[in-house]
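Numbering of ligands and ligand atoms starts at 1, following listing order. Hydrogens, waters and symmetry mates are skipped; everything else that's a heavy atom, side chains included, is used. All values derive from a computational prediction rather than experimental measurement. In this chain, residues are counted from 1 in sequence order.
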Amino acid sequence: MKKIKKAVIAVAGMGTRFYPITKVLPKEMLPIIDKPILSYIIDEVVESGIEEIILIISKEKELIRNYYSQNIKLEMSLKEKNKLNELQVIKDIVPNNIKISYVIQDKPLGTAHAINLAKDYINDEPFAIIFGDDIVDSKVPVLKQMIDIYKKYDCNVFAAKEVDKSNVNKYGILKYKNDSTKEVECIVEKPNINEAPSSLATIGRYIVKPEVFKEISTLEKVNREYILTDAFEKMMKYQSFYACEFDGKHFDTGNKLEYIEAVINYALNDSKYSEYVKEFIKKNI
Ligand code: G1P
């Protein structure tokens, strides 16, 4: 079985749900305390054993490339001023021994189009796909939980969670072939409440076999976009997919309320801030 070594992270979306700030700041660079959302994802990916990251960005998001590139001038200036702690913080932005490549998506043609741009980096191996809005706070990184399922069944894997029935029209929704193994029978992209096969939603994390590229090449546009879920539907005819109902707290940080939850969650996790934040909330409610 091939090792999962590469992750494609799609961060090209316009972030209209988070206007006005995302007019100039990529939504994945919004801070959760002092680190951008994207760094929480990169930490998860690296802790899951990934060795190479391919970031699909838009041309308006060059700031992301700047953030993850070494800034020798800044490093030298911190060193001269003997600010060694700060120097280490700056150096730690880019994880050791990880290769990061960038591909520009120059037209907003959907999730399948974005992933297809990474084709030349993947070769013939299974890989991880992550959407830059979704972060999960968990003891075991959620991608690692998914890789464990991949290793067990040699299959494609969806990260999934139960959502409120009223929200099924925002997600790819799964139906199981087998409730105990969590083998998936079908996926329906953003169904109406009455047509949803369940309320088990895929969040933005997948492990997929390389055949996905063959299926993407046959897709037709739906509402001007190529949708990744449509490629999965086609693959399901001849490959197995399992769900990973992960342990962890998921935040869709493209949604303002969940972004606020994420900031509070990570502040409460950190002993430097937790007591202060609890006191502040107590005094102000
Ligand atoms: C995409 C996928 C959808 C998935 C969701 C998870 O939708 O198309 O199947 O459930 O991400 O966040 P989007 O959020 O891009 O509309």
For [atom], the protein heavy atom that lies nearest, with its residue and separation:
{"atom": "atom 12 (O) of ligand 1", "value": "Asp134 OD2, 3.4 Å"}
{"atom": "atom 1 (C) of ligand 1", "value": "Phe131 CE1, 3.7 Å"}
{"atom": "atom 2 (C) of ligand 1", "value": "Glu189 OE2, 3.6 Å"}
{"atom": "atom 6 (C) of ligand 1", "value": "Thr202 O, 3.5 Å"}

**Asked** Arg17 and side chain to side chain donor-acceptor pair (under 3.5 Å): which partner among Asn255, Asp252, Thr253, Thr22?
**Response** Asp252

Are [X] and [Y] ion-paired here, with the side-chain N under 4.0 Å from a carboxylate O?
{"X": "Asp164", "Y": "Lys170", "result": "no"}
{"X": "Lys175", "Y": "Glu185", "result": "yes"}
{"X": "Lys27", "Y": "Asp133", "result": "yes"}
{"X": "Glu125", "Y": "Lys6", "result": "yes"}

**Message:** Under 4.0 Å from a heavy atom of Lys190: which atoms of ligand 1 are those, numbered in the order shown and with their elements?
**Reply:** 7 (O), 13 (P), 16 (O)

**Message:** Would you call the rings of Phe232 and Tyr206 parallel, tilted or perpendicular, taking 30° and 60° as the class edges?
**Reply:** tilted

**Request:** Ignoring hydrogens, just give me the one of Ala201, Gly13, Ala160, Gly172 whose non-hydrogen atom is nearest atom 3 (C) of ligand 1.
**Result:** Gly172

**Message:** Is atom 14 (O) of ligand 1 touching the protein, meaning some protein heavy atom lies under 4.0 Å away?
**Reply:** no

**Distance-only N or O hit between ligand 1 and Thr111, under 3.5 Å** = no

**Request:** Could you tell me if the ring centre of Phe213 sits under 6.0 Å from that of Phe127?
**Result:** yes

**Prompt:** So, does Gly204 sit close enough to ligand 1 that a heavy atom of it is under 4.0 Å from the ligand?
**Reply:** yes

